[in-house]
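Accompanying notes for the structure given below.
Each chain gets a letter, A, B and so on, in the order the sequences are listed, and its residues count up from 1.
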2 protein chains.
Amino acid sequence: MSPNQPSPPAGEVRRGQPPTLRDVAEAAGVHAATASRALNPSTRRLVSAETARRVMKAAKTLGYQPNPIARSLKTAKSSTIGLVIPDLTNPLFPPIVRGIENVLEAEGYSAWIVNTDNDPERERSRIDSLRSRQVEGLIVATARLDHPFLEKLHEQGVKMVLVNRRTENLAIPCVTADDATGIALAVRHLVDLGHTRIAHLAGPHSTSTGVVRARAFRHAVRDHGLEDDSRLIVECAHWNEADGAAATRELLDRATPFTAIVAGNDLIALGSYDVFAERGISCPEEISVVGFNDMPYLDKLRPPLTTVRVPHHDIGAEAARMLLDCIDDPTRHPRSLLLPVTMVVRASTAPLR
Amino acid sequence: MSPNQPSPPAGEVRRGQPPTLRDVAEAAGVHAATASRALNPSTRRLVSAETARRVMKAAKTLGYQPNPIARSLKTAKSSTIGLVIPDLTNPLFPPIVRGIENVLEAEGYSAWIVNTDNDPERERSRIDSLRSRQVEGLIVATARLDHPFLEKLHEQGVKMVLVNRRTENLAIPCVTADDATGIALAVRHLVDLGHTRIAHLAGPHSTSTGVVRARAFRHAVRDHGLEDDSRLIVECAHWNEADGAAATRELLDRATPFTAIVAGNDLIALGSYDVFAERGISCPEEISVVGFNDMPYLDKLRPPLTTVRVPHHDIGAEAARMLLDCIDDPTRHPRSLLLPVTMVVRASTAPLR
DNA sequence: TTGTACGCGTTATCAC
DNA sequence: GTGATAACGCGTACAA
């Protein structure tokens, strides 16, 4: 057992209630204002060392915990930020959340998490509710390229950092994976295996990620001297399995020959797997597939999915750090960060026969 | 476009700050106290209908949002609860979280989420921090059978509901899946397929879930007239793949013949898959496996995992409802809830050859 | 260096 | 039915 203060206050308490600053001040024989100064590291130098010692000792024995609500009311700061994501059950987001919280926790901040389910109306109302809770900033993972609501908030001076995606307005700082390089790696991997007819199941063009990856795909294909055939690119309506499956069916029905797929993300690749099962296509023997993100348990799939690993935890951590920087120094110039990705080769890709 | 009030207040605002109750009162030509009564549904009957109308109209045009921090300071209620989970990246928890939030949101409550990483010290400090944020209650998913810290909190009158697991102290309300029935279903499924030598990879005996499922396993085996061979039960140190794999290796190394495994949960089953790959064992031809929980994407595994489906979203929702009930009426008798489970038969189980 | 006085935005308790 | 006032717990000018 470590000699930490016990969870229930060891000292006296007033009326069974948690002790307040006044209780501490009284116990230390000083005024509440003095106690406040002594307890707050940034104002501690204003009181004598001896007084500070006495106050801190009294606080400790009383088990005093400052009331963050009262503090927030006074300072109009909440030590709180809002985290706006589409859906927590998408395995993409938990690692980002943990990355964010690791950084916030160290700075005494906490995050309110809200799910929008990609519903703009719901997004608006959840963000309004976050703002009424006095969040000091927002980390937003639901950005669309054309996103007037976010733009408006940004103009109003709401501090925010986008993760994973961005808007057309580059003035809003964001942290994303290096999507273009990731797609280039995927294409090169397939080319190295001998593939020349490579298809792309693109994410929605309303998202920066969808557009950037699709553009990077066309560039990469051309860079390898292959034909940039638009019949080999199908856009998925959403980043999920169902739309990945639909897009795969459309691709197959176009009857344009291809031997490999670069999927916009892992869930879209999973949709392809479903269609392969439907139609008796064997992967990787007939068609190779590369995903994107490296979500958990991909190595247990049939076949284990080759994919591009994105440092989700780091994306969250960097975004949180960036947001705290913006809060600390509002004059700070907005930066955007591109985090490096790596190929993870498993068994869904094979040499062209 | 729906005719909702726009996000930035349409009316006048004072000093560019969000409007306060006083601004509304002034705009409506009444005192702040009257405005408060008019705006609060539970006190609205104290003011004249005409006044109420005027105040609410003023609030709407000003875009007034009550400041929850000021309200909390006055009422000593935070409309906030704490949610204590081991690790958000475990796919078990996101659906529970969403179930909780669906219920809370409807009641104007929100949840602070903390991750303990199964570290008791961290759990203590995170819960302390939640309490200092004035949460009105706790939903705890990290309960161990012997859990003195939770017991102490409960004795101190901290309102809490356990999810997914419980402590030895049955006075603490909890919401769990009907584990015993789930295991019985799994064993009967295997028996129906002709298996008679069935092993169990048990979860940690420090958790109620581990103990209940292991006990249910022995009962189920005996109920079918099979031998209750303790050499066929191995305990995993944690509910994860690595320990599932370790337990599987130990089971195989014991050289006691068996043809089927009931895993404590899906992750443990995934650990078995890893060992099958290591040792060239084919599933389900040589060994059938049943998981527990039905976490996402199990249908994409090689082979798709047969498992017991647990209604995680409902578990969260019921727990939230129960906690809100406890908060509303502290005299309420604590109840515990057992939610029904179902078998999901996929391809990791096959008839005994 | 320390104490006094006040206000943050809201609600409860008095009067009227 | 409505208004005045105090108070929740804290931080901070200002005064001493």
Value in whole Å for how far the [atom2] atom of [N] lies from [atom1] of [X]:
X	N	atom1	atom2	value
B:L73	C:dC8	CG	P	13 Å
A:K77	C:dG7	NZ	P	22 Å
B:K74	D:dC10	NZ	P	15 Å
B:D23	C:dC8	CG	C1'	13 Å
A:E26	D:dC10	CD	P	14 Å

Carefully, step by step, assess A:H31 and A:E26 under the rule side chain to side chain donor-acceptor pair (under 3.5 Å). CA-CA 7 Å; A:H31 193 269; A:E26 196 172 338; over 6 Å; no
Check whether the side chains of [X] and [Y] place a donor and an acceptor atom closer than 3.5 Å, and report yes or no.
X	Y	value
A:Y109	A:E101	no
A:R71	A:S79	no
A:T167	A:N169	no

Is any side-chain nitrogen or oxygen of [X] closer than 4.0 Å to OP1 or OP2 of [N]?
X	N	value
B:R71	C:dT11	yes
B:N40	C:dT11	yes
A:Y64	D:dC10	yes

All N/O pairs under 3.5 Å across the protein-nucleotides 3-5 of chain D interface:
residue	atom	partner	partner atom	Å
D:dG3	OP2	B:H31	N	3.0
D:dG3	OP2	B:T34	OG1	2.5
D:dG3	N7	B:R37	NH2	2.6
D:dG3	O6	B:R37	NH1	3.1
D:dG3	O6	B:R37	NH2	3.4
D:dA4	OP2	B:H31	ND1	2.9
D:dA4	N7	B:H31	NE2	3.4

Let's see if you can work this out: which of C:dT1, D:dC10, C:dG9 has an atom nearest to the side-chain heavy atoms of A:S48? C:dT1
Name the nucleic acid region contacted by [X], choosing base, sugar-phosphate or nothing; use a 4.0 angstrom heavy-atom cut-off, strictly under.
X	result
A:S36	base
A:I69	nothing
B:T51	sugar-phosphate
B:L21	base

Degree of bending, the helix from C:dT1-D:dA16 to C:dC16-D:dG1 (end axes from five pairs; round to 10°): 50°
Give, for atom CG of B:L39 and atom CG of B:L21, the distance between the pair rounded to the nearest 0.5 Å. 6.5 Å
Salt bridge check, A:E105 against B:R122: does any charged N sit closer than 4.0 Å to a carboxylate O? yes
Just to verify, what does B:E318 make a side chain to side chain donor-acceptor pair (under 3.5 Å) with, not counting sequence neighbours? none
